[in-house]
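Notes follow the structure.
All values derive from a computational prediction rather than experimental measurement.
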Amino acid sequence: QVQLVESGGGLVQPGGSLRLSCAASGTIVSINAMDWYRQASGKQRELVATITRGGSTNYADSVKGRFTISRDNAKNTVYLQMNSLKPEDTAVYYCRALIATYYSGGGLYWGQGTQVTVSS
């Protein structure tokens, strides 16, 4: 089994910063792409940022210049540094990873989600 465990969410004021972490554990052979999604109340889940195993990144237009995705392959961990946070960034943030295990081919795994609330 593979688990993705997120941390770092919380309540911050507009203009503040948070750093989210998502660590994968289990019978992992390799991790390919890792992503961050978010879902605000009443809205569809949207892709925020992606990073390949080699470090190539892509961002949603709404977060470009404010968010940075990174990864530590030795720790099987992906991060999302969020700066200049806005109220519209309020959402549950989820990590996703394409992971190969010892017992199967590549598959998509999701974290449990962590709440980010930006409010005065």
Would you give the length of the straight line joining atom [atom1] of [X] to atom [atom2] of [Y], rounded to the nearest 0.5 angstrom?
| X | Y | atom1 | atom2 | value |
| --- | --- | --- | --- | --- |
| Q39 | S41 | CD | OG | 8.5 Å |
| T57 | M34 | OG1 | CE | 14.5 Å |
| R71 | T77 | CZ | OG1 | 10.0 Å |

The criterion is salt bridge (charged side-chain N to carboxylate O under 4.0 Å, His left out); which residues satisfy it with D89, sequence neighbours excluded? R38, R66
If every non-hydrogen atom of [X] is compared with every non-hydrogen atom of [Y], which pair is closest and at what distance?
| X | Y | answer |
| --- | --- | --- |
| I51 | S70 | CD1-CA, 3.8 Å |
| A49 | Y59 | CB-CD2, 3.6 Å |
| G111 | E6 | CA-OE2, 3.8 Å |

Connected via hydrophobic side-chain network under 4.5 Å: [X] and [Y]:
| X | Y | answer |
| --- | --- | --- |
| V92 | L20 | no |
| I31 | V2 | yes |
| V12 | M82 | yes |
| I28 | L4 | yes |

Hydrophobic cluster partners of Y103 (side-chain heavy atoms under 4.5 Å): V29, Y102
Does V63 reach the side chain of W36, with side-chain heavy atoms less than 4.5 Å apart? no
Side-chain contact, heavy-atom cut-off 4.5 Å: I69 with V78? yes
Residue pairs, two or more places apart or on separate chains, that pass disulfide bond (SG atoms under 2.5 Å apart) and touch residues 16-102: C22-C95
Classify the side-chain pair D35/T50 by whether it contains a donor and acceptor separated by less than 3.5 Å. no
May I have all residue pairs that pass ring-ring contact (aromatic ring centres under 6.0 Å, His included) and include part of residues 70-96, sequence neighbours excluded? none
With Y37 via ring-ring contact (aromatic ring centres under 6.0 Å, His included) - residues at least two apart: W110
If you look only at distance, which donor and acceptor atoms sit under 3.5 Å apart when one is on a side chain in residues 113-120 and the other is two or more places apart or in another chain?
unit_1 : atom_1 : unit_2 : atom_2 : d
T114   : OG1    : G9     : N      : 3.3
Q115   : NE2    : A91    : O      : 3.4
Q115   : NE2    : T117   : OG1    : 3.3

